[in-house]
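The block underneath contains the structure these notes are about, expressed in structure tokens.
Note that the numbering runs from 1 along the sequence shown for the chain.
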Amino acid sequence: MTDDELMGLAIDEARAAAAREPADVPIGAVVVGPDGAVLASAGNRREADEDPTAHAEILALRRAAQVTGRWNLTGCTLVVTLEPCTMCAGAIVLARTQRVVVGAMDPKAGAAGSLYDLVREPRLNHRVELTTGVRAQECGDLLREFFRARRARRP
């Protein structure tokens, strides 16, 4: 599958996260193995699980590790609708993920090229290949609409 097609799967996960009750911020992630097969996918579940670490990337990485039977995801690609935060970027590096494909960038909290660049930090023991801007407008629109609707519901 192409990066564009894989981002479509991540967008589906993001939409599902927002559609749940309680609704979560619409962020989705997909992990693809070295052979191109989808190993795992997830959407944010912080609200649903009452877990501050239940970001889409963390959940997808955990599921991929369970599928492969190992924590080391060398050769794998993570596709995510929003640039990873520092927690997720750290997990991506520690999992030895080969590549990350990002939809929308996050200049306020991103740690894969915007505010920070942990995934390519030369002082760390692993660096990740980074592709950005895949379906960025669509990914960003999902987030903007989610927060616009949330603000409209406030008294």
Side-chain angles (χ1 to χ4, degrees), residues 1-20 23-49 51 53-121 124 126-147:
M1 295 179 80
T2 66
D3 288 349
D4 191 80
E5 292 168 325
L6 292 167
M7 188 61 73
L9 298 177
I11 289 169
D12 290 344
E13 289 288 346
R15 287 188 177 122
R20 266 192 309 274
D24 262 290
V25 175
I27 300 171
V30 175
V31 178
V32 182
D35 62 355
V38 174
L39 298 174
S41 63
N44 267 5
R45 293 194 54 88
R46 291 185 314 164
E47 299 294 334
D49 294 352
D51 179 354
T53 68
H55 290 203
E57 302 96 317
I58 298 293
L59 298 173
L61 290 170
R62 284 179 185 158
R63 291 175 186 163
Q66 289 171 341
V67 167
T68 63
R70 57 194 234 282
W71 64 268
N72 187 320
L73 298 176
T74 299
C76 292
T77 297
L78 173 75
V79 179
V80 62
T81 58
L82 182 67
E83 180 183 2
C85 68
T86 53
M87 175 183 69
C88 293
I92 289 163
V93 170
L94 292 173
R96 309 296 193 272
T97 309
Q98 179 177 330
R99 184 169 170 253
V100 174
V101 177
V102 176
M105 297 302 280
D106 185 358
K108 291 182 180 179
S114 288
L115 186 60
Y116 304 106
D117 198 357
L118 290 179
V119 299
R120 297 181 293 188
E121 172 56 55
L124 297 177
H126 177 74
R127 277 163 294 296
V128 180
E129 296 170 34
L130 183 63
T131 301
T132 62
V134 176
R135 295 175 72 166
Q137 184 68 44
E138 187 175 359
C139 293
D141 287 347
L142 273 173
L143 290 159
R144 283 185 286 278
E145 179 52 38
F146 176 83
F147 287 112

Is the shortest side-chain N to carboxylate O distance from Asp4 to Arg135 below 4.0 Å?
yes

Heavy-atom nearest pair, Cys76 first then Gly33, reads SG-CA, 3.9 Å

Quick one: does Glu13's side chain get under 4.5 Å of Leu59's, heavy atoms only?
no

Could you check if a side-chain atom of Met1 sits within less than 4.5 angstrom of a side-chain atom of Leu9, using non-hydrogen atoms only?
yes

Side chains of Arg99 and Thr131: closer than 4.5 Å at any heavy-atom pair?
yes

Could you check whether any side-chain heavy atom of Pro26 comes within less than 4.5 Å of a side-chain heavy atom of Asn44, counting everything from C-beta outward?
no

Between OG1 of Thr77 and CD of Gln98, what distance do you get to the nearest 0.5 Å?
6.0 Å

Does the side chain of Pro84 come within less than 4.5 Å of Ile92's, by heavy atoms?
yes

At their closest point, which heavy atom of Ala40 faces which heavy atom of Ala64, and how far apart are they?
CB-N, 3.5 Å

List the atom of Ile58, the atom of Ala91, and the distance in Å for their closest heavy-atom pair.
CD1-CB, 3.4 Å

For a side-chain contact (heavy atoms from CB on, under 4.5 Å) check, start with the C-alpha distance between Asp51 and Arg45, then their side-chain angles and the critical distance, and finish with the verdict.
CA-CA 7 Å; Asp51 179 354; Arg45 293 194 54 88; over 6 Å; no

When you measure from the side chain of Arg120 to the backbone of Gly113, do you find a donor-acceptor pair of N or O atoms at a distance under 3.5 Å?
no

Where do Cys139 and Val134 come nearest, in terms of heavy atoms and distance?
SG-O, 4.2 Å

So Val128 and Leu118, do their side chains get closer than 4.5 Å, heavy atoms only?
no

Show the nearest heavy-atom pair for residues Arg20 and Ala48, with the distance to one decimal.
NE-CB, 4.0 Å

In terms of heavy-atom contacts, Ala14 and Gly28 come closest through CB-N, 3.5 Å

Separation between CG (Asn72) and OG1 (Thr97), nearest 0.5 Å, reads 9.0 Å

Beyond-backbone contact of Met105 with Thr132, side-chain heavy atoms, under 4.5 angstrom
yes

Rounded to the nearest 0.5 angstrom, the CG-CG distance for Leu73 and Leu78 is 9.5 Å

As a test of understanding, state which of Ile27, Val101, Val30 forms a side-chain contact (heavy atoms from CB on, under 4.5 Å) with Thr81.
Ile27

Side-chain contact test, heavy atoms from C-beta onward, threshold under 4.5 Å: evaluate it for Trp71 versus Leu94 and give yes or no.
no

Are the side chain of Glu83 and the backbone of Asp106 linked by a donor-acceptor contact shorter than 3.5 Å?
yes

